[in-house]
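Side chains are part of it too, since the values below use all heavy atoms of this structure and drop only hydrogens, waters and symmetry mates. All residue numbers refer to positions in the sequence shown, counting from 1.
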Amino acid sequence: MSGLAVVLLTTALVVVLALLAAAAAGKLARLDGATYPTALSRAAITLAAVLTLAATLTGALAAVLS
């Protein structure tokens with residue numbers, strides 16, 4: 001398996017997990033009684049946080065491994 005394929009599969013996995021976390025946050029917000037705009041906002045914040053965490057971890061690992 002080439003390096004590019006590994007990078008693409010890993011990226012796809014991270015995006016899917018971020019979307020699942022965002023969907024769960026939005027659903028939990030709705031179950032808690034939040035309005036649709038508030039639930040969407042919480043889902044968007046969760047998506048951004050997960051993607052930011054993944055980027056930070058990638059940068060830290062790249063610095064350690066190089």
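Separation of atoms OG1 (T58) and CG (L53) is listed at 9.0 Å; rounding is to 0.5 Å. Interatomic distance, I45 CD1 to T52 OG1, rounded to the nearest 0.5 Å: 11.5 Å. For the atom pair CG of L51 and OG1 of T56, the computed distance is 10.5 Å after rounding to the nearest 0.5 Å.
Judged by distance alone, with hydrogens and angles left aside, the side-chain atoms of R30 form a donor-acceptor pair with the main-chain N or O of A34 at under 3.5 Å.
The shortest non-hydrogen separation linking A21 to T46 is O-CG2, 3.7 Å.
Linking Ile, Leu, Val, Met, Phe, Trp and Tyr residues whenever their side-chain heavy atoms come within less than 4.5 Å places L47 and V15 in a single cluster. Cluster membership check: V16 does not share its hydrophobic cluster with L19, using side-chain heavy-atom separations under 4.5 Å among Ile, Leu, Val, Met, Phe, Trp and Tyr.
Of the options L8, V6, V7, a side chain to side chain contact (heavy atoms under 4.5 Å, CB included) to T10 is made by V6 and by none of the others.
Side-chain polar atoms of S41 and T38 form no donor-acceptor pair below 3.5 angstrom.
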